[in-house]
Protein chains: 2
Amino acid sequence: MSSRAATRVFQGVEEQIATGQLKDGAKLDEASLAERFEVSRTPVREALLQLVGSGLATQIPKRGCFVKAPSLRDMVEMFEVMSELEGMCARLAARRISDEQLAELKAANVGCEDAIKANDSDLYYHKNVDFHECIYIACGNSFLANETRSLRRRLQSFRRLQLRVRGRMPQSLGEHFEIVEAIEAGDADQADRISRQHVMIQGERFHDLLVHMERGG
Amino acid sequence: MSSRAATRVFQGVEEQIATGQLKDGAKLDEASLAERFEVSRTPVREALLQLVGSGLATQIPKRGCFVKAPSLRDMVEMFEVMSELEGMCARLAARRISDEQLAELKAANVGCEDAIKANDSDLYYHKNVDFHECIYIACGNSFLANETRSLRRRLQSFRRLQLRVRGRMPQSLGEHFEIVEAIEAGDADQADRISRQHVMIQGERFHDLLVHMERGG
DNA sequence: GTAGAAATTATCGTATACAAAAATAAGATG
DNA sequence: CATCTTATTTTTGTATACGATAATTTCTAC
């Protein structure tokens, strides 16, 4: 299933969709992909199946697979849900976090701070993921954690772009501190509210960016 | 992909997991399944891939697929998330519902009422799905709607059991009326709160039922 | 008799082969 | 010349075949 070759094809196609090399509606021809990745059709078909499962492709019986790049509307909808899920994670974490987990959360946030001091946006990106991962674990609901991770992953490639927007990193860090504070205080409502806002701001900034790009950036 | 044979195998295995014929940890042997469903290994493997994707099976490389029936803890976690998603749908619907959609929602709830009057729990089950479907559509976020439907589907087979608990149907209907009222009034917070509660009650009742069954029902 | 190593077996992952359905192209008819 | 019908070709869906890796068994050494 997640065999070596099939995974390679899956990730390869996923990457090409994210980078825009494969555009919306493009046909995912099995034979071409097989040739391109130097494997047979079997692992290609497995990869396509997973792509359909992840919502990155559509399948029409007896007609083949087609890229289903998310529209702007889709992205806005996903950010709306992401903000709810992140809020829920933070809310539950505020009630359920352990002392060790809190320490790890703080450490992760220090990591973010260091990345900003080093002006390293790639590092910040990874430390930011660590920070949120701490909250997912602390929420005490692994199903929720997985769903949130999965959605984060789908928004990821766009997010990475987003963080390079001028002045966003320090603002994001400020929000992190507020979230930590609320969680430490056990203030579930506050943790929820700030976290939602944290995601929605990114969503809105992302939206701005897209519009800007479309106008000819 | 969702080819005839593969889909048949997928749904067959899914059914057997839901009914408990295939228990947690049971090995999903490709050859046996192929024989059982009278197809070759190819569609069986596609079905297994989808099962893993849906979280109903685990895959260990070079060792095969195994049934991953949700534990009680998993179920509680899923209900927790379901309650959040349902709450979100209702909250957004309160803000975004159209007049026609509101009329449909009310009509669906009347359908539920009729089913109770006829004392037909199967009919109630379907009318209840219709009712919630109205809210999913009215929330104006199709991504959210799909995620919620998908989770509902996973909890479905258990829910069906749950609704037969004595006295639950009328109580459930009462909650429906409260939800409709809140949505009609545009009271997003109230719609959210009642909807969450609506799901959590089902989750708790379900939990009770499971414990009862384990003790020797 | 037990423990470790080698051979055997079984199963997974991939490749290829074949059949059925759909898209495309060619030809006939008005 | 357009359109419908039919033949060809392409592509999907399924079956089978093969190679590689892990589990199992058997054999040997102590």
Side-chain angles (χ1 to χ4, degrees), chain A residues 1-17 21-70 146 150 153, chain B residues 1-17 21-70 146 150 153:
Chain A
M1 323 304 165
S2 49
S3 42
R4 217 172 46 265
T7 305
R8 211 159 44 82
V9 175
F10 174 78
Q11 292 176 351
V13 175
E14 193 183 29
E15 174 77 12
Q16 295 198 336
I17 293 173
Q21 289 180 262
L22 279 168
K23 296 189 179 174
D24 189 55
K27 173 145 200 205
L28 295 168
D29 183 58
E30 295 179 4
S32 313
L33 288 173
E35 194 180 3
R36 196 167 160 58
F37 288 93
E38 294 177 317
V39 289
S40 81
R41 277 180 53 221
T42 306
V44 168
R45 284 179 61 81
E46 292 192 355
L48 291 181
L49 210 72
Q50 288 186 269
L51 283 167
V52 171
S54 327
L56 276 84
T58 319
Q59 203 257 348
I60 303 172
K62 281 285 178 189
R63 297 211 31 191
C65 275
F66 302 88
V67 174
K68 192 179 148 195
N146 282 330
S150 158
R153 199 169 169 289
Chain B
M1 325 299 164
S2 49
S3 44
R4 214 172 55 264
T7 306
R8 211 159 46 79
V9 175
F10 175 77
Q11 292 177 352
V13 175
E14 193 183 28
E15 174 77 14
Q16 294 199 337
I17 293 173
Q21 289 180 263
L22 279 168
K23 295 189 180 173
D24 189 55
K27 173 143 200 208
L28 294 168
D29 182 58
E30 295 180 2
S32 314
L33 287 173
E35 194 179 3
R36 197 168 159 55
F37 288 94
E38 294 178 317
V39 289
S40 81
R41 274 180 57 219
T42 308
V44 169
R45 283 179 61 80
E46 293 192 355
L48 292 181
L49 209 72
Q50 288 186 269
L51 284 167
V52 171
S54 326
L56 276 84
T58 319
Q59 204 258 347
I60 302 172
K62 281 282 176 189
R63 296 210 33 190
C65 276
F66 302 88
V67 174
K68 191 181 149 193
N146 282 329
S150 158
R153 198 168 170 289

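All values below come from the heavy atoms of this structure, side chains included, with hydrogens, waters and symmetry mates left out. Labels below follow one simple rule: chain letters A, B, ... track the order of the sequence lines, proteins then strands, and each chain is numbered from 1.
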Between atom [atom1] in [X] and atom [atom2] in [N], what is the gap in whole Å?
X: B:Arg8; N: D:dT14; atom1: CZ; atom2: P; result: 9 Å
X: B:Phe66; N: C:dT11; atom1: CZ; atom2: C1'; result: 11 Å
X: A:Gln50; N: C:dG13; atom1: CD; atom2: C1'; result: 14 Å
X: B:Glu46; N: C:dC12; atom1: CD; atom2: C1'; result: 16 Å
X: A:Arg41; N: C:dT16; atom1: CZ; atom2: P; result: 12 Å
X: B:Leu33; N: D:dT14; atom1: CG; atom2: C1'; result: 16 Å

Heavy-atom closest pair, residues [X] and [Y]:
X: A:Gln50; Y: B:Leu49; value: CG-CD2, 3.9 Å
X: A:Ala47; Y: A:Val9; value: CB-CG1, 3.6 Å
X: B:Ala5; Y: B:Val39; value: CB-CG1, 3.8 Å

What is the distance from atom [atom1] of [X] to atom [atom2] of [Y], rounded to the nearest 0.5 Å?
X: B:Asp29; Y: B:Arg36; atom1: CG; atom2: CZ; answer: 12.0 Å
X: B:Gln59; Y: B:Leu28; atom1: CD; atom2: CG; answer: 11.0 Å
X: A:Leu51; Y: A:Thr58; atom1: CG; atom2: OG1; answer: 10.5 Å

Side-chain N or O of B:Gln59 closer than 4.0 Å to phosphate OP1/OP2 of C:dT11: no
message: Can you tell me if B:Thr42 touches the phosphate of D:dT14, counting only side-chain N or O atoms and a distance under 4.0 Å to OP1 or OP2?
response: no
Between the protein and nucleotides 5-11 of chain D, are there any N/O to N/O pairs under 3.5 Å, and if so, what are the atom names and distances?
none

Closest listed nucleotide, where the reference is the side chain of A:Arg4 and the choices are D:dT16, C:dT14, D:dT12: C:dT14
- request: Looking only at side-chain atoms of B:Arg45, point me to the closest of C:dA17, C:dG13, D:dT16.
  value: C:dG13
- prompt: Once you build an axis from the first five pairs and another from the last five of the helix from C:dG1-D:dC30 to C:dG30-D:dC1, how far apart in angle are they, to 10 degrees?
  reply: 10°
message: Treating A:Ser54 as the side-chain partner and A:Leu56 as the backbone partner, does any N or O pair qualify as donor plus acceptor under 3.5 Å?
response: no
task: Taking A:Lys27 for its side chain and A:Arg63 for its backbone only, find out whether a donor-acceptor pair lies under 3.5 Å.
output: yes
field: A:Arg41: salt bridge (Lys or Arg N to Asp or Glu O under 4.0 Å) partners, not counting sequence neighbours
entry: A:Glu30
